[in-house]
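Working notes, beginning with the structure itself.
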Amino acid sequence: MKKRQGERSRKAQVRIPFPVVLANILVFVAVFGLSYVWLCARCDTLGQEIKRLETVQRETRRRMINEQDRWSNLLAPANLDRALKRHNLAMHLPDEQQIVRVRNIAGTPSAALAYNK
Amino acid sequence: MKYKGRTIITSVAIATVFIGLGIRLAFLHLRPSPGTLARIESGRHLEMETRGPRGRILDRNGNMLAVDIAAKHVCVDPKFILQYGDVKAVYSALASQFPADRAELWKELNQPDSQYVRVQKFVREEALGPLRNMNLKGVIFEDVPIRDYPKGVLGAHVIGYANYEGVGSAGVEQRMNAQLQGVAGLRISQKDGRRREIYQLRTVDIEPQQGADVYLTIDQQIQHFAEKALDNLMTKYHPKAAWAIVQNVRTGEILAMASLPTFNLNRFSTAPAEWMRNRAINYTYEPGSTMKAMIVASALDCGAVRANDIFDCENGSWYYGGATLHDSHPCGRLTVADIIKKSSNIGAAKVALQMGDAKVYKCLRSFGFGDRTGLELPGEDAGILWKTDRWAKMSITRIAMGHEVLVTSMQMLSAIGAIANDGIRLRPLIIRKVVNSKGETVLAPQPEVLARPIRPETAKEMRRLMARVTQPGGTATAAALPGYLVGGKTGTAQKVDLEHGGYYHDKFMASFVGFLPVENPTISIIVVADEPQQGGYYGGTVCAPYFREIADQTVRYLRIPPEGFTTEYVTEIETGGSGEESISD
């Protein structure tokens with residue numbers, strides 16, 4: 001009886017070798033899985049960021065065009081005329097007496113003669 | 001025992017349910033039926049077609065004349081508002097923002113079965129500010145592009161407009177629609193349960209391409225000068241309509257083309273059709289005496305007459321071909337030069353008779369009458385110049401004074417431009433260049449010679465004869481511009497009575513067409529008034545002053561030096577006193 005018990009305890013004490021390969025595989029799979037999940041999450045974040053930036057870009061472009069449009073409207077000659085009038089800025093062309101005309105002298109193209117009409 | 005049985009039954013039931021769900025899940029994932037697959041796919045599928053913005057229209061200096069801007073449709077979801085929102089708050093906010101029928105709005109908001117009502121279309125971003133800030137539940141802002149014309153009425157007839165579908169329907173918008181229209185983009189992707197796009201599953205992403213930008217030959221400042229001058233003309237003489245064109249005679253480029261009455265391009269749908277008519281190219285009329293310039297030029301060119309030849313102008317009344325021809329100002333004997341200066345109908349008729357029907361017809365065709373000029377605008381009229389086999393005996397005498405022939409102002413300016421441009425008639429240009437979204441120039445029309453109706457020497461002589469028209473004793477002294485020699489010709493034609501035949505005695509077409517500086521012409525201008533109502537009806541009275549107004553501002557703006565001068569400066573002679581010059585050139 002004792003002999004049998006001794007055999008059993010010996011059997012129980014048999015050491016099973018650590019499954020290094022399996023552990024490596026499991027670790028590799030776990031790392032791979034985690035990397036995959038991390039990459040997925042990263043892609044998702046980047047995708048959302050791209051979407052957000054796309055929206056921002058679209059909005060900015062819209063605003064820029066709208067501002068250009070408003071600026072262009074402000075610079076319309078009729079609007080400038082109105083603005084000048086509103087601020088009492090009377091702008092008129094110079095009188096004939098105020099104009100000095102310069103003419104090339106024949107034979108000496110570089111020389112110029114200035115005189116009042 | 002009793003409880004143990006129940007426990008087993010419950011466990012089996014739950015297990016069965018889970019196993020069933022598991023099997024279903026497995027089937028759905030591993031072997032879904034084609035119908036199911038299609039249903040799932042269609043639920044997740046996202047396909048968006050994005051419209052490319054329409055290209056811009058700009059003037060020759062890059063000033064924006066037409067552009068697509070972002071706007072919104074203001075929409076509501078009445079079902080949602082009635083369930084979760086505040087219908088009264090939405091109603092009062094919308095009613096205060098938009099001038100809609102209030103009863104109708106209230107009715108629209110109180111529709112429990114409706115989930116989409118468009119309250120206001122094409123609202124600009126800046127007008128939405130207050131409404132956005134209220135954060136009203138059930139109010140939706142739908143993106144939509146809108147064509148905007150920042151200059152309003154400026155150049156309305158040239159620019160034209162695009163309709164609400166973004167299709168060009170008039171003017172350059174219509175003619176250049178193919179270039180202006182962008183290429184639609186496409187995005188194919190998948191969406192999640194909240195209907196948001198899953199970026200990672202985007203399979204197709206083609207960016208929309210913006211349409212090409214069209215640069216016109218028009219200069220917004222000169223266009224403004226022309227429109228302002230016409231406005232003054234309308235105020236003083238109250239014609240039914242008035243129009244003007246300014247052209248660069250050396251290139252054929254149109255610098256301004258104005259027509260009044262006009263309309264605001266941003267509200268084109270409310271403008272009467274008559275206001276939208278570009279009379280400069282599609283209104284044909286008997287030009288009257290402006291035609292004499294072409295007749296005399298042709299006669300000089302073919303040697304039928306010389307400038308100093310003398311014709312008897314019959315003291316203002318001459319019977320020929322079964323009818324009497326009159327001069328508005330009776331003249332005796334006039335040289336060919338004076339026939340132009342005094343605008344004698346009888347003199348011009350006799351000059352034309354020296355050439356004969358065939359030559360007159362050939363020359364006028366060569367000047368472009370009876371043909372479209374080829375301007376890149378829709379709706380250009382060709383006018384009418386009958387072939388000689390349809391002419392009566394007296395036709396040649398009437399055509400010489402600008403009757404029995406229908407022309408457009410564009411044709412007349414093009415013909416005068418040939419005289420100004422040493423006898424070379426150029427195709428008028430309105431498109432300067434077309435630049436695509438990558439910045440490449442895809443179209444750049446070059447000056448094109450259409451005909452050479454007269455020799456350069458004849459053109460030079462003719463310019464000098466036409467310069468006398470604006471000098472003392474001529475019919476258009478009001479067109480004279482200090483410092484510049486202006487060549488031109490007046491036209492005053494009775495209008496045809498289409499109902500009763502013959503001509504009206506109280507309805508006239510007044511016009512003045514000219515160019516400057518005479519020795520080296522740079523610009524040509526035509527001003528036409530249809531039925532001036534008060535203050536006169538002669539071309540020299542009604543149109544010549546406004547020709548001068550446009551020319552005066554244009555030569556200064558373009559810095560065209562006066563005859564014989566290279567440049568000009570401005571001194572403060574009146575205010576200075578110190579002798580210092582304030583150079584503003």
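Throughout, a chain's letter reflects where its sequence line sits, starting with A, and its residues are numbered from 1. None of these values were measured; they are calculated from a predicted model.
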**Toward chain B: residues of residues 56-66 of chain A with heavy atoms under 4.5 Å** = A:R62, A:I65, A:N66

**Message:** For residues 23-39 of chain A, give me every residue with a non-hydrogen atom less than 4.5 Å from any non-hydrogen atom of chain B.
**Reply:** none

Just checking [X]: does its [atom1] atom have more than 12 heavy atoms from other residues, nucleotides or ligands closer to it than 6.0 angstrom?
X: B:R132; atom1: CZ; answer: yes
X: A:R70; atom1: CZ; answer: no
X: A:K85; atom1: NZ; answer: no

Acceptor/donor pairs from residues 218-231 of chain B side chains to any protein atom, 3.5 angstrom cut, sequence neighbours excluded:
{"from": "B:D219", "atom 1": "OD1", "to": "B:Q221", "atom 2": "N", "distance (Å)": "2.9"}
{"from": "B:D219", "atom 1": "OD1", "to": "B:Y557", "atom 2": "OH", "distance (Å)": "3.0"}
{"from": "B:D219", "atom 1": "OD2", "to": "B:N61", "atom 2": "ND2", "distance (Å)": "3.1"}
{"from": "B:D219", "atom 1": "OD2", "to": "B:Y557", "atom 2": "OH", "distance (Å)": "2.9"}
{"from": "B:Q220", "atom 1": "OE1", "to": "B:K151", "atom 2": "NZ", "distance (Å)": "3.3"}
{"from": "B:Q223", "atom 1": "OE1", "to": "B:M257", "atom 2": "N", "distance (Å)": "2.9"}
{"from": "B:Q223", "atom 1": "NE2", "to": "B:E227", "atom 2": "OE2", "distance (Å)": "2.8"}
{"from": "B:Q223", "atom 1": "NE2", "to": "B:M257", "atom 2": "O", "distance (Å)": "2.9"}
{"from": "B:H224", "atom 1": "NE2", "to": "A:D81", "atom 2": "OD2", "distance (Å)": "2.7"}
{"from": "B:E227", "atom 1": "OE2", "to": "B:G155", "atom 2": "N", "distance (Å)": "2.8"}

**Asked** Hey, does the side chain of A:S72 reach the backbone of B:P150 with a donor-acceptor pair shorter than 3.5 angstrom?
**Response** no

**Asked** Considering only heavy atoms, which portion of B:D68 lies under 4.5 Å from any heavy atom of chain A: side chain, backbone, both, or neither?
**Response** backbone

**Complete:** Assert top hit (heavy-atom pairs under 4.5 Å, partner chain B, pool A:N73, A:D69, A:I50) equals A:D69

**Those residues that, when tested against A:K51, pass salt bridge (charged side-chain N to carboxylate O under 4.0 Å, His left out) (two or more places apart)** = B:E197

**Asked** With only heavy atoms counted, which part of A:E54 is less than 4.5 Å from chain B, the side chain, the backbone, both or neither?
**Response** side chain

